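As the structure is a prediction and not an experimental result, all values here were calculated from the model.
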Amino acid sequence: MTRKILTYQAPSQLFRSDSLFQQEYGDCLHIAATSSLKSGLGESLAVSRWFSAPIITFRELFTELAGPRWSSSKAQLRQFLFLSDVLADLWNADSGKNRLKLQAMERNQLQILQTLRVLTELGIKPYHISLDVIRDSSSEILFLQIWKKMFNLLTRDSSGLHSFLNADKQADELLKDALRRWSEALLDKKDAQGTIHRTTSNIPLDSVQQSITSSLEKKSLILHGFYFITPIQQRVFNELEKDYELIFLNTYDERFPNTFETVKDFLGIGVFETLRSTDDDVPIHPLAVKLIESLEGGSSISIDSVADRYVDLPHFIQSEKARLRDDKNGTQGMGYQLITPRAKQVEEQLIANEFVPFPKNRKKLTDYPVGRFLYRLHQIKSQNNNVETGKVTFAENITSEILLDCFSSGCLFVKGEDMRNYVKSLERILPYCEGVNTFDQWFKRIESLENEKASWEEEVLKKNSKSLSDRIHRFHSFPMRLLSYFSVETEDLIKIKSGIEALYNIHSALFSDFEKKKVNMTVHLQEIERLVLKNAENSFEGEEKEIVRKIIADINNIKDTELEFSLKDISKGLLFYLKGTLEELAGEENFGEKVYSFDSADAAPFRSNRNFHLAFADQKALPISQDYNIWPISSGLLSYLEKSFPELTLLTERKQKSNSITRYLLYVLFHSADDIRISFTENLGKESRLQLALYLKLIGFKTLSVEREPFHTEELSINGPDSVELESLDWTDPMVREAQVCPKRAAFSFILNEQTMYHSDFHHGFLYTKFVTVMNRMEKGKKNKFEPEEFRPRIDKWFPQWNNMKKDFLFDYITTSKFAKPTISKYRISYDEKSYSAGMTYLNLLPTGYADKGKDNVIPIKDVALHEACPGKHCKYCPYASICRDAIYSLDFEDD
C-alpha cells in the first residue's frame, strides 16, 4: 500500500460534493490526531453529516492495540511500584558514589518510567546500547541498570503491542480486533454518542460495528490533523501501511511554506503524492494573512487590533466577568471560547472563581473531596534518604493543608459527627500550630493552647465574674482573643483534637510498620474501602454519593493480586494514581468544554462557535514547548540510538519545530475565527513583567491596559430599616472607633463575627508589639506604668510558633522605637457595671494610628453606614482585606 497527502485550506472544501475527499474518502475510517480535533469534528458533523465513517483518535486506537496490560492506569501503577522497588534495592546496595544520582531518579521517578515506556514501545532493548558510548560517570549507566531490572516486566506488559508491531498476524486482522473492542466499549457507555468523553462515537451505537466493517473494506484510512508525528505513531503507521492506503488529511497552503513547515516536513509533502481536495483557493482571514506575510518576509497590510493587558489573574477574572455580564447578546449570543497556552497554570483559579464551570469529564480523583482525603492520607508519611550516610528514615509530615483537606472531605467522623463542622475553627488555630508536623506534636500544641486559654480565663474570671457572660465583656476582658486561635472555644478545640485522633487511627490501621511491611495491593485497597470509602458513601447524598461510588469503582479497578509491594511504595504510587498523573503518560486531555489548551486550536476550523479569546498570550507562553523529555537519555546517546531506530529522530525534529508548530496553530486559529480577541497578564504566578508574545507583536497588535471594573451587586429588597444607626447598637468606644475608621471592617468584626480577629503572621507581628507595650498598662489600670520586660514572658507563651530570635527582634524593635510609649488615656469604659481600659483601641486598630487621631481623621458617627467601606492605605492592616471587595492593596498605591 502507499501513503498520500490530501490538503485543504478550509473545512468548506471538504464539505463540497465535488471535492476529492467526498468523491473518494468520505466513507473511510477517520483517525484523528487529538481528542480536541475529534470533538471539533463531532460538532461539525452535528450540523452537517459530511462523512459517514466512524472517528477514532490515535490514542483510543493505540490503547486497544496495546491492550490494558500496557495502556491502563492499573498497568502503569504496577510498573511504577516495581520501579520503586528497583530504586530502593539500588540505594541499599550502593557504596555511596551513586546516591545523588539515585536521589535525582527517585524524585523524577515518573519521568524515568515514561522514558522506559517510550523505549519499550519502540522495541529498544538494553543490549542495543553499547557501554563504550556511555560516559563512566554519567547517569545513563545507572539508568541502564534500572532498565535491565525492569526489562522482563515491561516486555511482558507490552507483548500485545509488539504482536501488532512485529506483524505476528496480519495488521489488518489486529486492527479489526482493536476496533471491535473499541466498539464494544462504546456499547457499554449509554451516553457515548454526542459526548466528549474519552471513548465516543459519531455513529449511532447500534450501527458502529457495521460502519467500521464497511469503512475498512475501502482499504484506506484517513489520518487527520497529524501536524507532527511521534515515534510510536510512525511505527504504527508503518504497520498499517502494509494493508491499507494511508491518507494524511491536513490544513495546508503551498503558497506559504514557512507557515506550514511542520506539516510539510512531518507528513513528507513533496516526498509522497500530495493532492488538493479542491483546486480553488479560499479567502483568508486578515489576521491570518498578516501573520503569514509577516513570517514570510514582511507585510504591507495594516491591522488595527489591540491586545488587552491585565495586571494579574484576579484582574483578568474580574474584568472578564464584567464583560460577560455586559455582552450577553454579543457575538450572536455565543460568547467567546477561551483558548490559552497556560491552561494548566490557570485552570484551578478559573474554576474556583466560577469563571468557567467545573469540567464534566474531569478524571483526577483529587478533584473530589473524598479523592483528596485519600491523597492526603497517603501523604502523611514521607521517606528521607541521606546522601551522605545512605540512611533511609521515615517521618510524619502532617501539614495544615493535609488536615484542612481531611477535615473538609466529609470522610472524617468522630462519634458520628462530621468534622466539616470544625473546619473554620481549625483554620483559626493553624497559626498557633505552625511548624508542627507529627501527630504527637499536634496533640501537644493543641493541649498547650487549651491550657493557656484556660489559665487566662480562670485568672480573669476571679477578678471579673461577668468576663465570659457576653461578647462585649469577652472583647474587653480578653484582648488575647484578637489572636484567631484564642478566639476558638475550648469545646471546639476538644473536637478538633478528636478529629485528628480519628485521622491517626485510620492512618495507623493502614500504615502500621510502614517502613518494612510488604502487602498485597488488593489487601491495602480493601482496607481503604472498609475504613474510609464505605463510611463516606453513607454520609453523602445525591451527586456526591455517585462520585464516591465512582471512586470505589476506580479503586476496585486497580486491585492487583499479582505482586506485593512495601506500603511506602504503594503509598507513593497511589499519590500519582489519585492525582491523575499516570493518565498524563498516555496523552493530552482538554481542560474543559469552555476553556481549551493552545494545542486544541487544531479543532478550531470545525467548532460550531468560532469566536475565540486567545488569553495569557505572553512571550514566555508562546512558542509552546515541544521538548519531549526522555531524561536521562543524553543527546549523544539519542543520536547513537537513532542510527538503529530512525523513528527517534522525530523527537529531535519536534523539538526543533516548536516555533513552526506554534505558527501553524496560530494560523489555524486566526484563519478559522469569526471573531477573535487577544489578551495577556503582566503578572502570573511567580512570573512578572510579562509582555505580549512576539508573534502577536509582528502582526501589529498594540496593547491596551484594561481598567479595573467596579464590582456590580444585585439590588436586594430587604424588609426593615434602610440603615442602622451606630448609636443604637450600644457598642463601646473601641468598637465605635473601628466603625469610624471603616464601617465595613466593623461589620466584619462585630456583626459577622464575635469580635475583631487576626489570622495572619503579618498581623500577629504587630499584635505582639502592641501586647508588649500596651497590654501591661491596661492591666495595671490607673498605675499605667510602662514595664514591658515584666509582661513579656507571658506574651511569649502566646506565640509558640516563633523562635526566640524573632521574638527578640520584635521586642527590641518596639521597646527602642518612638512608638514604644503611646499615650494611653486613663479614661475608663463602662459597660454593664464593669469598667475597662480604653487601651483596647490600640489593639483592635493595630497599627494604623487611628487610635489616637482626632475627629477630622475618621468618619463622624452620624455618617457611619455599616455596609459601606472606607478604603485606603490602612486596608493592608485590616484582617478582612482578603475577603473585602472594596479593599485597596499596596500595589494599587504604587501604580498611582
Side-chain angles (χ1 to χ4, degrees), residues 3-7 31-34 36-37 57-59 62 111 114-124 128-129 133 140 165 223-241 246-254 256-274 295-296 341 585-588 597-602 622-668 695:
R3 294 191 186 191
K4 291 182 181 178
I5 301 163
L6 181 62
T7 68
I31 303 176
T34 63
S36 58
L37 178 57
T57 66
F58 179 85
R59 174 51 52 188
F62 181 80
Q111 178 60 62
Q114 183 179 36
T115 300
L116 288 169
R117 285 174 60 86
V118 168
L119 297 173
T120 302
E121 286 174 353
L122 297 177
I124 305 174
H128 286 131
I129 299 178
V133 300
E140 291 167 348
L165 295 178
L223 305 175
H224 196 166
F226 289 86
Y227 56 89
F228 67 81
I229 296 175
T230 66
I232 189 58
Q233 286 173 347
Q234 183 73 326
R235 287 291 307 274
V236 171
F237 294 159
N238 289 341
E239 290 302 317
L240 292 175
E241 196 174 9
L246 304 186
I247 309 299
F248 285 87
L249 181 65
N250 221 95
T251 303
Y252 186 76
D253 194 324
E254 65 274 7
F256 312 112
N258 289 340
T259 302
F260 293 94
E261 177 188 9
T262 180
V263 179
K264 179 177 180 293
D265 292 349
F266 274 102
L267 297 191
I269 291 177
V271 177
F272 300 106
E273 182 180 3
T274 303
L295 296 173
E296 300 283 334
L585 289 179
E588 89 295 331
S597 66
F598 185 66
D599 301 57
S600 302
D602 62 348
L622 295 172
I624 54 174
S625 173
Q626 296 294 330
D627 189 2
Y628 198 78
N629 193 356
I630 55 170
W631 184 83
I633 300 294
S634 66
S635 57
L637 182 54
L638 184 61
S639 298
Y640 171 82
L641 288 170
E642 286 172 357
K643 297 173 184 177
S644 303
F645 301 92
E647 299 93 348
L648 286 171
T649 59
L650 294 170
L651 295 178
T652 305
E653 190 172 350
R654 178 178 170 185
K655 181 178 180 180
Q656 293 171 344
K657 291 287 190 296
S658 60
N659 282 305
S660 176
I661 289 171
T662 299
R663 292 197 303 267
Y664 169 78
L665 290 172
L666 281 173
Y667 171 82
V668 169
Y695 296 101

Do F248 and F272 have side chains that get closer than 4.5 Å, going by heavy atoms? no

If you compare all heavy atoms of L37 against all heavy atoms of A33, which two are closest, and at what distance to 0.1 Å? CD2-N, 4.2 Å

Any non-hydrogen side-chain atom of Y227 less than 4.5 Å from a side-chain atom of I661? yes

Below 4.5 Å, heavy atoms only, C-beta onward: do F228 and L650 meet side chain to side chain? no

Shortest non-hydrogen contact from F237 to L246? O-CD1, 3.5 Å

Crowding at NZ, K264 (>12 non-hydrogen neighbours, <6.0 Å): no

So, for V263 and Y252, which heavy atoms are closest and what is the spacing to 0.1 Å? CG1-CD1, 4.0 Å

Rounded to the nearest 0.5 angstrom, the OG1-CD distance for T649 and Q234 is 8.5 Å

In sequence, state the C-alpha distance, the side-chain angles, and the governing distance for H128 and L119, and then conclude on side chain to side chain contact (heavy atoms under 4.5 Å, CB included). CA-CA 11 Å; H128 286 131; L119 297 173; over 6 Å; no

Checking side chain to side chain contact (heavy atoms under 4.5 Å, CB included) for the pair Q233/L223: CA distance, chi angles, key distance, verdict? CA-CA 11 Å; Q233 286 173 347; L223 305 175; over 6 Å; no

In short, S658 meets P623 closest at the heavy-atom pair O-CB, 4.0 Å

Rounded distance (nearest 0.5 Å) linking atom CG of L638 with atom CG of L651: 6.5 Å

Under the criterion side chain to side chain contact (heavy atoms under 4.5 Å, CB included), I'd like the reasoning laid out for T57 against T34: C-alpha separation, chi angles, the key distance, then a yes or no. CA-CA 6 Å; T57 66; T34 63; over 6 Å; no

Do V668 and D602 have side chains that approach each other closer than 4.5 Å (heavy atoms only, starting at C-beta)? no

Nearest-0.5 Å distance that lies between atom CG in N659 and atom CD in E261: 9.0 Å

Find the distance between OG1 (T262) and CG (L267) and round it off to the nearest 0.5 Å. 8.0 Å

Determine yes or no for a side-chain-to-main-chain donor-acceptor pair under 3.5 angstrom, with R654 supplying the side chain and T230 the backbone. no

Look up atom CZ in R3 and atom CD in E273, then write down how far apart they are to the nearest 0.5 Å. 14.5 Å

Do L641 and L122 have side chains that get closer than 4.5 Å, going by heavy atoms? no

Looking only at the side chains, is there a donor atom on one of T274 and E254 sitting less than 3.5 Å from an acceptor on the other? no

Answer whether the closest heavy-atom distance between the side chains of L637 and V133 falls below 4.5 Å. yes

Heavy-atom distance under 4.5 Å between the side chains of V118 and P231, does that happen here? no

Find out whether I269 and V271 are in side-chain contact, i.e. whether some heavy atom of one side chain is under 4.5 Å from a heavy atom of the other. no

Contacts satisfying salt bridge (charged side-chain N to carboxylate O under 4.0 Å, His left out) that involve residues 628-638 (not counting sequence neighbours) are none

If you take the centroid of each ring, where Trp contributes its six-membered ring, are Y667 and F256 closer together than 6.0 Å? no

How long is the gap from OG1 on T251 to CG on L665, to the nearest 0.5 Å? 10.5 Å

